[in-house]
Amino acid sequence: MTISSEHPETEPKWWKETTIYQIYPASFKDSNNDGWGDMKGITSKLEYIKGLGVDTIWVCPFYDSPQDDMGYDVSNYEKVWPRYGTNEDCFELIDKTHKLGMKFITDLVINHCSTEHAWFKESRSSKTNPKRDWFFWRAPKGYDEHGKPIPPNNWKSFFGGSAWTFDETTNEFYLRLFASRQADLNWENEECRKAIYESAVGFWLDHGVDGFRIDTAGLYSKRPGLPDSPIFDESSELQHPNWGSHNGPRIHEFHQELHKFMKDRVKDGREIMTVGEVAHGSDNALYTSAARYEISELFSFGHVDVGTSPFFRYNKVPFSLKQWKEAIASNFLFINGTDSWATTYIENHDQPRSISRFGDDSPKYRNVSGKLLALLECSLTGTLYIYQGQELGQVNFKDWPIEKYEDVDVKTNYGIIKREFGENSKEMKKFLEGIALISRDHARTPMPWSREETNAGFTGPDAKPWYFLNESFQQGINVEEESKDGASVLNFWKRALQARRENKELMVYGYDFQFIDLESNKLFSFTKEYESKTLFAALNFSGEQTEFRAPKEDSSLSFVLGNYDDVDASSRVLKPWEGRLYYAN
Ligand code: TEU
C-alpha cells in the first residue's frame, strides 16, 4: 500500500485494519456449568471467532468485582473474577489467542472503581487517611427539613438519581457518576493516577495484552471545584453530568501521560492500541491525532443516540434516515486528510440489537436487513467492531415483563419513576416502551450456540444461566444452524469481512467520503476513494423498492457484493432492504 501524502490517516497499522470481536464474558460460553460464561469458555470458541475472519478480540471486564454494573465496578484490577476462572485461565486465553494469530484487547475501567476496592475502603475509613483524596469526598451542601443530607451539587448520575452517595463513616458524600457503588477516582491526585496505571494497565501489559478499550475515556478530568451545572433540563433539579465531567481541562494531558506509561512499559516492541469511549467529544481529532500520542481511536455515540432524548435515553424521539446517515458519517469524516483515526460500530454491550433499531426484525426482513447492516459496516472507514451475536443477526427480545430486565440502569430508573409517578403512570408506560427498544439487556442475553440443546448450548442442560435466553435461538438464530445455512446472516458476515480484507484500501482506508442523495430517507448511498479507485455503495434502508442513481451519469459500475442472492447488478432498482457495493469508474 502506498500512503497518499494528502491522507496521512491511511498510514497502515495493524489496529486500523483489524476487525475486533467484542466478547461479553458473562454471556459468551460457560465451560463449567455454573451458568456464567468464563475464560475457558472463550478459549474453547477462539477457532469459531477466527473463522469469522476476525483477528482481534476485546473482552469486557473480567476482573474481580461485586458485579453491581456487570464488572464495570472493579474491586481488584489484577485478579480475574472467580466465576470467570483464575488468572492462569486468562493467561492461557491470551496465549491461545496469540497462537492463533490474533490480538487481545482488554477493558480498562479507570474513571471509577468499586467501593469494594481496597483503595476506596482505605479512603472511606477516615478524613485523614492518606488515600482520602483518591476519591471525591465533599461535605453535604446542607440538610433538608427531614435532616437528610443534601448532595454537594446538582449533577445527575448517568444511571439516574444524584451522582453523590452519602457515607455515614465520615458523614460526607462521595462522587459516583454511575452506580452507587462505583466511586469516581480522583485523577487530580498524581499518586492515585500512578496507582491506576500500575495496577490496571501495567499488570496486563506485562501479561501480553495488545491494547485497551478505555471505558468512559472523556470523564477523567472533572470541572475544577465541581460547581453546580447550569440548568439544561428545566423539568429536573438534577442535571446531566457531562457539563461537569466530560472533556475537562486536563483530559488530553491525562491521556498523554497514560500513553507514555504504556509505551515505557512495553519492552518487546509490540505496538499497543487504545480505543477510548468518548461518547460526545467535540475534539475527536485531538484525542486521536498520531502526533499527539493520546489514544489510537475512539467511539462516538451520535449514530447510536439518534432517536433517544439527550435528557433521558429511554425517551424515544422521532428521527430520520438522513439524520442517522449524517451521524454515522461524523464518526469518520473528521479524520479525512489528518493523522487521526476512526472506528465503525453499531452494537456493543450498551446498545440494543441493530436490526431491531435500524433494520426490520420481522421474520420477513430480518435476514436481509441484517445483511444490509453488515454491508454498511464493512464498507465504512475506520477499525471495525462486531459485538457477539451481531454476526448471527440477533434481534431484541420481545415482550419481556419488567421483572426480566437485569441492567442496573433500567432498575434504578424504574425505581425512580415508580416512586415519583407510580406504576400506572404515562411516564412509566413511556419508560417501558423505551426499554423494550433501547435497554442494554438486549445485548446481554447468553450467546445461542445451538437450537436443540437446552440453554442453547451456552451452558449445560441442567445449569441455570445467569440471565434469560432470547427465545430467538429457537427461531433459527444460533451458531449451529446458521453455520450450515449458506443464506444465513452469519455466512454473509464472513463473506462481507472477506470482501473488506480483499479491498482494504477502499473499505478500511477509503477517504473523501461523499453522500449521494443525502436528502433521501430511503437510500444510504455514498462514494469513497483510494487513489484512482472509487467504491460506490447503494443501500436501501426501506421496505419499499427504491431506485438509485450512479455517482456520475456516465459511471461504469462493477459489482463487488450484495445482500440478495438473485441480484441483477445492472438494474438501478433495489428491492426492500437491498444493498450493493460497486467499483465505480
Ligand atoms: O459506558 C459509559 C456510558 O456512556 C454508558 O454508561 C451510557 O451512558 C449507558 O450505557 C446508557 O445506559 C461505560 C460502559 O460501556 C458501561 O457498560 C458501563 O456501565 C459504564 O461505562 C460505567 O463503567
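Note that ligands are numbered from 1 as they come in the structure, with each ligand's atoms numbered from 1 the same way. Note that these values count all heavy atoms, side chains included, but never hydrogens, waters or copies made by symmetry.
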Nearest candidate to atom 10 (O) of ligand 1, where distance is taken over non-hydrogen atoms, out of His240, Arg440, His246, Gln182: Arg440
Candidate with minimal heavy-atom separation from atom 13 (C) of ligand 1, of Asp215, Asp68, Asp73: Asp215
In ligand 1, which numbered atoms sit nearer than 4.0 Å to a non-hydrogen atom of [X]?
X: His349; value: 14 (C), 15 (O), 16 (C), 17 (O)
X: Asp409; value: 11 (C), 12 (O)
X: Phe301; value: 4 (O)

What residue and heavy atom of the protein are closest to [atom], and at what distance?
atom: atom 1 (O) of ligand 1; value: Glu277 OE2, 3.0 Å
atom: atom 18 (C) of ligand 1; value: Asp69 OD2, 3.3 Å
atom: atom 20 (C) of ligand 1; value: Phe178 CE2, 3.7 Å
atom: atom 11 (C) of ligand 1; value: Arg313 CD, 3.5 Å
atom: atom 5 (C) of ligand 1; value: Asp350 OD2, 4.1 Å

Parallel, tilted or perpendicular: ring planes of Tyr405 versus Phe397, cut at 30 and 60 degrees: perpendicular
Min N/O separation Thr216 to ligand 1 under 3.5 Å: no
More than 12 heavy atoms from other groups under 6.0 Å of NZ on Lys398: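 Buried by this count: over 12 neighbours within 6.0 Å.
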Those residues that, when tested against Arg181, pass salt bridge (charged side-chain N to carboxylate O under 4.0 Å, His left out) (two or more places apart): Asp68, Glu116
Euclidean distance, Asp228 CG relative to Glu237 CD, rounded to 0.5 Å: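 Atom-to-atom, Glu237:CD and Asp228:CG are 10.5 Å apart.
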Are side-chain N/O atoms of [X] and [Y] paired as donor and acceptor at under 3.5 Å?
X: Ser65; Y: Ser114; value: no
X: Gln390; Y: Tyr21; value: no
X: Asp38; Y: Ser31; value: yes
X: Tyr287; Y: Asn247; value: yes

Test log, rule salt bridge (charged side-chain N to carboxylate O under 4.0 Å, His left out), inputs Arg83 and Asp30: CA-CA 10 Å; Arg83 276 196 189 257; Asp30 180 14; over 6 Å; no
Per-atom contact, atom 7 (C) of ligand 1, protein heavy atoms, under 4.0 angstrom: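 It does not: no protein heavy atom is found less than 4.0 Å away from atom 7 (C) of ligand 1.
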Ligand 1 contact on His112 by region, counting heavy-atom pairs under 4.0 Å: side chain
Heavy atom of Gln351, distance to ligand 1 below 4.0 Å: no
